[in-house]
Amino acid sequence: MRLATWNINSVRLRIDLVTAFLKSADVDVLCLQETKTEDAHFPADALIEAGWAHHAIRGEKSYNGVAIIAREPLSDSGHMDWAGREDCRHISATTANGIKVHNFYVPAGGDVPDRDENPKFGHKLDFIAEMTAYFSQNKPQRSILVGDLNIAPLAEDVWSTKQLKNVVSHTDIERDGLLRLINDGGWSDVVRQHFGDDEVLYSWWSYRARDWAASNRGRRLDHIWTSRDLAAGVTDVTIHSDMRGAEKPSDHAPVVIDL
DNA sequence: ATGGTGGGTCACCCA
């Protein structure tokens, strides 16, 4: 099975890019974040026509929104609410080969890394803490967690760990929190394990650069983790940074694993 | 320290 995660930043604007990617990368299961559309307007027909007929979707107007798109039937689709809100930041479903997939869009957290000054940062920390509590008490098996987690946990996950020390997404409290979620939650960071500790990895490059590729100031915000029983079954990992260079691109690149 | 760009919806919200 080939599974991908991609923050698409409007699935309606980029549906042709999505179907082209599904075909060219030969993806079986695609998890999207920031679909930014209510379910009634989700571009299901284009996906069905392309050969990906099975969808678990959870969207709202303008903001957030997650989806799981598959070639083979999905079952047991559901979601949970996090940090006391009903925003569309989580959806789960079981794939035809019996793997439970959790797809998350963790809050970005605003600009100021202080929960007293900036409620968005508190929301983000609360969200991560709830995920940690949930998976610590419900240890995953035959499961995969993906998404835009909006945290780059390691020094090799950002272009400058020094310059991003106080930038939301790479502060110590976020980095520690995400690593605790991996460790206590029973997950394996199979992308990092595949490439090794020293490889610099990015999945996101800001729109606010004259030339994103030349400056290459990226961060690894998008993650794929497996439950520990599945980790040894990962045979390949690819970050499709070429998609960041597409016409009218998302600011995120797809991350793909073969299992 | 600052401003840089992009998406959604309709004066700003969000990233």
Side-chain angles (χ1 to χ4, degrees), chain A residues 5-21 31-44 46 57-67 81-91 103-115 117-128 146-153 157-160 162-171 174 178 202-223 241-255:
Chain A
T5 183
W6 195 7
N7 178 320
I8 196 61
N9 188 18
S10 175
V11 69
R12 283 194 280 180
L13 186 70
R14 281 183 253 283
I15 185 59
D16 291 346
L17 195 59
V18 170
T19 54
F21 171 70
C31 299
L32 296 175
Q33 303 86 34
E34 280 207 272
T35 54
K36 290 187 171 176
T37 179
E38 293 167 298
D39 295 348
H41 302 304
F42 187 84
I57 61 177
R58 185 161 177 254
E60 62 188 284
K61 194 174 181 178
S62 302
Y63 304 113
N64 310 318
V66 284
D81 290 320
W82 304 84
R85 304 189 192 201
E86 295 182 359
D87 50 4
C88 297
R89 295 182 179 275
H90 171 251
I91 193 166
N103 179 13
F104 281 95
Y105 176 48
V106 171
D111 289 331
V112 181
D114 180 322
R115 68 156 64 235
E117 283 180 46
N118 170 22
K120 291 180 185 176
F121 194 67
H123 180 211
K124 182 179 197 174
L125 298 181
D126 292 346
F127 198 107
I128 294 290
V146 309
D148 177 3
L149 307 184
N150 267 313
I151 298 173
D157 294 331
V158 294
W159 64 274
S160 167
K162 196 172 165 184
Q163 286 179 258
L164 294 177
K165 184 173 174 50
N166 297 312
V167 173
V168 172
S169 74
H170 194 63
T171 62
E174 293 169 272
L178 202 74
Y202 309 141
S203 66
W204 172 88
W205 294 259
S206 172
Y207 284 127
R208 299 175 189 176
R210 260 172 252 148
D211 185 332
W212 70 275
S215 59
N216 197 26
R217 295 185 168 189
R219 307 176 201 170
R220 186 170 71 111
L221 304 179
D222 304 274
H223 298 272
S241 50
D242 55 313
M243 285 293 109
R244 181 62 180 82
E247 189 152 347
K248 298 278 271 177
S250 168
D251 45 354
H252 295 254
V255 181

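Values in this document were obtained by computation on a predicted structure and should not be read as measured data. Protein chains get the first letters and strands the later ones, always in sequence-line order, with residue 1 at the start of each. These values consider heavy atoms only, across backbone and side chains, with no hydrogens, waters or symmetry-generated copies.
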> Do you see a donor-acceptor pair shorter than 3.5 Å between the side chains of A/Gln33 and A/Thr5?
Replying inline: yes
> Given the P atoms of B/dC10 and B/dG6, what is the spacing between them in whole Å?
Replying inline: 22 Å
> What is the distance from CD of A/Glu60 to P of B/dC14, rounded to the nearest Å?
Replying inline: 12 Å
> If we only count heavy atoms from C-beta on, is the A/Val66 to A/Asn64 side-chain gap below 4.5 Å?
Replying inline: no
> A/Gln33 CD to B/dC14 C1': how many Å, rounded?
Replying inline: 16 Å
> A/Leu149 CG to B/dA15 P: how many Å, rounded?
Replying inline: 15 Å
>> Using only atom types and a distance under 3.5 Å, with no angle test, would you say the side chain of A/Tyr207 pairs donor to acceptor with the backbone of A/Asp251?
In response: yes
> Can you name the side-chain contact (heavy atoms from CB on, under 4.5 Å) partners of A/Asn166, sequence neighbours left out?
Replying inline: none
> Between the side chains of A/Arg14 and A/Ser250, is a donor N or O closer than 3.5 angstrom to an acceptor N or O?
Replying inline: no
> Does the side chain of A/Asp126 come within less than 4.5 Å of A/Arg115's, by heavy atoms?
Replying inline: yes
> Partner of B/dC10 by Watson-Crick or G-U wobble geometry, both contacts under 3.5 Å, or none?
Replying inline: none
> Along nucleotides 2-10 of chain B, 5' to 3', which nucleotides get a B, which get an S, and which get a -, given that the test is a protein heavy-atom distance under 4.0 Å?
Replying inline: --BBSBSS-
>> My understanding is that a pair needs two contacts under 3.5 Å, Watson-Crick or G-U wobble. By that rule, which nucleotide pairs with B/dT5?
In response: B/dA15
>> Using the P atom as the point on both nucleotides, what is the distance between B/dG3 and B/dG7, in whole Å?
In response: 22 Å
> On a whole-Å scale, what distance lies between the C1' atoms belonging to B/dT9 and B/dA15?
Replying inline: 15 Å
> What is the distance, rounded to the nearest whole Å, between atom CH2 of A/Trp6 and atom C1' of B/dA15?
Replying inline: 17 Å
